[in-house]
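Convention: sequence-line order gives letters A, B, ...; per-chain numbering from 1.
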Amino acid sequence: MTRAESIYVVADIHGSEVCWRKFLNAAKFYGVDTIVVAGDITGKALVPLVERPDGRVEAQVAGRVQVARSEAEVAELEARVRFNGFYPYRCDERSYAELDADPEHRDRVFTAVMAQTLRDWLALADQRLHGTGIRAILMPGNDDGWYVDDVLAESAEVMNSDGRVIQLAEFQILGFGPSNRTPWHTTRELDDDEIARRLAALEPQIDPDKPLVVATHVPPHGTNLDVAPKLREDLSIVVDGGETVMVPVGSAAVRSFLERRQPVLSLHGHIHESRGAVRIGRTLAINPGSAYSTGALYGAIVTLKGGKVVSHQLVTG
Amino acid sequence: MEATGEVKVFTRQSTGLTKEIGTLDTFVYNVNNQNIGIGVAFVLLFVPGFYAGADLLQGVVIALLLALPMALVYSFFAAAIPRSGGDYVYISRTLHPLLGFVASWNWVAWMTVYIGVPAAYFAQYGLSGLFRTLGVASGNAGLVDLGNRFVDPVWILAVGTILIAFFAVIFSLGTRTYFRIQNSVFVIGLFGIAIAIGLAFVGSSADFAANFDRYVSAAGGIANGSSVAIEPAPYDGQQTIFSSTLAQFIVLFAITSSFLGGEVRRARVSQLVGMPGGILFVSVFMILLVASLVQLVGLPILGGISANYFSPDALGLSFVPAYNELVAAAYPGNIVIAFLLGFTFVFWTYVWLPINFIASTRALLAWSLDGLLPRRVSEVNADRHTPTVAIVIVAILGWLSLFMYTIGIGDFKLNTLYGIFGWILSFLVCAIAAIVFPYRLKAVFDSSPVNWRVAGIPLMSIIGVIATAGLLFVEYIWWADPVNGLDSTTAVLGDDRMKIATVAVLATGALWYLSARFIQARRGVRIERAFAEIPPE
């Protein structure tokens with residue numbers, strides 16, 4: 001590899017439409033060749049916009065119940081919901097009551113809304129990236145449902161790197177979306193032993209003559225890329241002296257894999273507050289962090305040349 | 001749109017949905033950075049003797065009123081952009097990265113000054129008074145002599161150096177130990193304040209002059225210490241306003257929770273209550289303590305002590321007594337009271353040191369991550385999660401300020417309050433950023449929990465205007481105050497070096513940013529991209 005190759009990586013955009021739109025424009029903005037989302041694409045909350053019999057539409061936004069009285073106001077409300085990474089869902093009072101009363105029905109609706117939103121996002125990606133030569137690589141993270149793989153497969157421009165090694169001209173990228181166990185028991189969680197087994201199973205796909213980039217959603221354990229607030233069983237944050245108590249929560253299996261394979265670069269996410277870049281032997285490991293709910297897109301730009309990282313920069317777009 | 005009844009948001013099982021850091025935690029964090037003990041000590045040591053006609057309590061209330069809008073600006077920003085980094089992030093995103101860096105650089109420059117200065121206070125105000133008051137109460141001349149030694153510049157430097165080194169080691173091991181200690185120490189300090197208020201209110205004001213005479217005499221001073229009393233001047237509004245600098249020095253810095261980091265979400269209530277609430281809490285304690293001391297000691301003696309702050313030999317002492325000694329003097333021979341008041345006051349003297357130490361290292365980390373300092377500065381020890389290089393840098397800068405405060409170079413020493421004018425410039429830029437934030441980052445503001453409008457105008461902009469106006473007035477005070485104002489330094493020092501230093505801090509910040517940008521550009525890294533907003537459309 002003699003040509004300089006630039007990669008822009010983000011993670012944990014969690015349904016934020018403004019972050020997705022920024023991501024799609026990032027390649028041109030920063031002048032990079034490849035853009036990567038290192039897991040956790042979908043959002044966490046469904047916001048019903050309840051149509052009242054008198055025509056008003058009510059929704060809880062930013063902690064307060066807001067009322068929209070016209071289509072323009074409803075559109076404004078929807079935009080604000082999407083900005084935070086939430087999903088607006090218009091419904092009447094009867095549908096709202098059903099959502100409230102029936103968790104299974106609510107899950108079905110939530111999943112359908114997330115899937116459709118992702119389809120819309122990918123359609124936008126196909127439209128914006130077609131013919132540009134920009135490579136877009138996404139993978140689901142532990143928070144993304146299994147349906148996400150099927151939706152990603154529908155895109156012409158976006159590649160899903162989860163559980164495979166994608167061979168590019170200048171380098172190869174190994175993707176792995178699941179995380180180790182979390183207190184939230186999310187969709188794609190595995191025991192560390194199983195993560196180690198699955199990563200090892202991907203090794204035959206690695207071309208030994210080409211620089212390797214590893215993208216695992218979960219960061220390696222004990223590297224300062226994985227430091228998260230310590231939680232009690234009720235998910236409340238442990239605070240000591242006014243300071244949040246932070247503990248490492250990454251994957252030991254991922255760390256072991258990186259230490260053994262020594263890829264030129266490893267890209268991670270998962271722990272939003274652990275933005276940073278560290279060296280693990282010869283590997284530069286990066287967690288771009290996330291502040292999706294503020295509309296700021298945390299990312300990192302990495303330039304590779306001659307099989308080495310020649311520069312990296314954390315950016316807030 | 002208007003607010004009405006209840007409609008739910010449905011969340012799914014996903015990582016990161018935790019309970020928020022509570023209002024109480026935010027409140028404690030902010031109150032910790034407001035030094036009630038030193039604040040009251042300074043009000044009583046400087047206002048009655050140097051601000052003729054100033055009303056002590058009104059000065060505290062003026063400081064409170066001037067600090068509140070600024071605290072609201074920071075709490076609005078903290079709710080709207082809930083990320084670590086404080087005003088460095090707010091200003092960089094809202095105005096310009098260069099301005100954000102210069103404001104942050106300015107913060108750190110003055111913050112490191114207030115690492116060395118409180119390191120000096122520990123011996124100068126804390127240990128000195130503790131040992132002298134114990135010596136007087138127990139009749140032990142050796143303890144009195146030991147107390148006197150702690151106001152010697154070399155002793156202050158030695159003790160301050162040990163203190164800075166101690167905290168550097170503590171922070172190298174991790175911040176949890178410190179925060180555990182600080183929480184306990186804060187309770188001890190507050191307990192001491194409560195005791196002082198109670199004892200001062202119930203102490204005999206009629207006998208105080210006689211008790212004070214005995215105390216000064218037993219401490220090796222003149223027989224009739226109360227003879228230094230001066231008749232209070234008639235009320236003077238301008239002097240009262242100028243005297244608010246002493247209380248502002250305390251309450252202006254109730255904004256540290258804006259630096260609390262990361263994804264951890266805080267309800268707007270936490271920040272809105274935590275910052276202004278912290279100021280109110282501290283102000284109430286300051287008012288009660290000042291009022292109780294005025295009741296016990298009386299303004300004439302307080303004025304006499306204060307007027308002789310720089311000439312303690314008028315009392316035959318090596319330093320004038322702070323409030324803890326005055327309350328102890330009202331209970332002659334009571335060693336328990338002397339110990340409780342002196343011991344608990346010690347914990348207020350150095351409290352800014354560790355807080356400013358941590359905040360400075362966090363700023364250095366943020367700059368390093370953004371490519372404005374070498375990468376090595378942001379290297380964090382994997383086992384202890386502590387930035388060793390940043391800690392060493394801050395310790396050295398803090399020690400330099402300690403040296404300049406105690407020994408100095410030639411005839412130049414740092415005065416405690418010379419840096420505040422420059423420091424407040426960062427607050428001013430942040431207040432201006434608050435005015436334009438709802439317009440420049442409209443989508444962020446609209447989706448934030450503080451998107452309130454009054455007659456269509458964002459409340460945040462209105463508060464930004466009020467805070468800007470308030471801070472301009474604050475800067476006027478810190479410029480024109482004949483005792484602590486920056487303009488007064490010309491007469492005191494005989495030249496404009498403090499004014500030049502204030503400007504130089506800003507200029508070096510800008511120069512550093514531009515130099516770093518140039519160096520990084522040669523490596524292919526454009527640091528201006530660090531905060532550049534990607535157009536979403």
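Put simply, the side chain of B/Arg529 gets close to the backbone of A/Tyr30: a donor and an acceptor are under 3.5 Å apart. Using a distance-only test at 3.5 Å, with no hydrogens or angles considered, no donor-acceptor pair links the side chain of A/Gln313 to the main chain of B/Gly371. Looking only at distances, no side-chain donor or acceptor of A/Arg106 sits under 3.5 Å from a matching main-chain atom of B/Phe10. No donor-acceptor pair under 3.5 Å is formed between the side chain of A/Tyr96 and the backbone N or O of B/Val7.
For a residue to count as touching a neighbouring chain, one of its non-hydrogen atoms must lie under 4.5 Å from one of that chain's; by this rule B/Ser448 touches chain A with the backbone only. Neither the backbone nor the side chain of A/Leu124 comes within less than 4.5 Å of any heavy atom of chain B. With a threshold of 4.5 angstrom between heavy atoms, A/Val227 approaches chain B through side-chain atoms but not through N, CA, C or O. Contacts of A/Arg128 with chain B are made by side-chain atoms alone, with heavy-atom separations under 4.5 Å and no backbone atom involved. Heavy atoms of A/Asp100 lying under 4.5 Å from chain B belong to its backbone as well as its side chain. Both the backbone and the side chain of A/Thr42 come within contact range of chain B, judged by heavy atoms closer than 4.5 Å.
The candidate from B/Arg526, B/Glu533, B/Lys8, B/Arg523 with the greatest count of non-hydrogen atom pairs under 4.5 Å with chain A is B/Lys8. Most heavy-atom pairs under 4.5 Å with chain B: of the set A/Ala26, A/Ala79, A/Gly43, this distinction falls to A/Gly43. Ranked by heavy-atom pairs under 4.5 Å with chain B, the first of A/Lys28, A/His185, A/Met114 is A/Met114. Of the listed residues (A/Gln60, A/Arg232, A/Glu17), the greatest number of heavy-atom pairs within a distance under 4.5 Å of chain B belongs to A/Gln60.
Contact of the B/Pro536 side chain with the A/Lys22 side chain is registered, since non-hydrogen atoms from C-beta on lie closer than 4.5 Å. Looking only at side-chain heavy atoms (C-beta outward), A/Phe110 and B/Thr11 stay at 4.5 Å or farther from each other. Side-chain contact between B/Arg375 and A/His312 is present, with at least one heavy-atom pair separated by less than 4.5 Å. In this structure, B/Val9 and A/Leu46 have side chains that are not in contact, with every pair of non-hydrogen atoms separated by 4.5 Å or more. Looking only at side-chain heavy atoms (C-beta outward), B/Asn451 and A/Arg80 come within less than 4.5 Å of each other.
For the atom pair CD1 (B/Ile527) and CG (A/Leu314), the distance works out to 13.0 Å, reported to the nearest 0.5 Å.
When all heavy atoms are compared, the tightest approach of B/Ile534 to A/Leu297 is CD1-CD2, 4.3 Å. Across every non-hydrogen atom of A/Ser311 and B/Val525, the tightest pair is CB-CG2, 3.7 Å.
The local environment of CZ in B/Arg453 is crowded, with over 12 non-hydrogen atoms from other residues, nucleotides or ligands closer than 6.0 Å.
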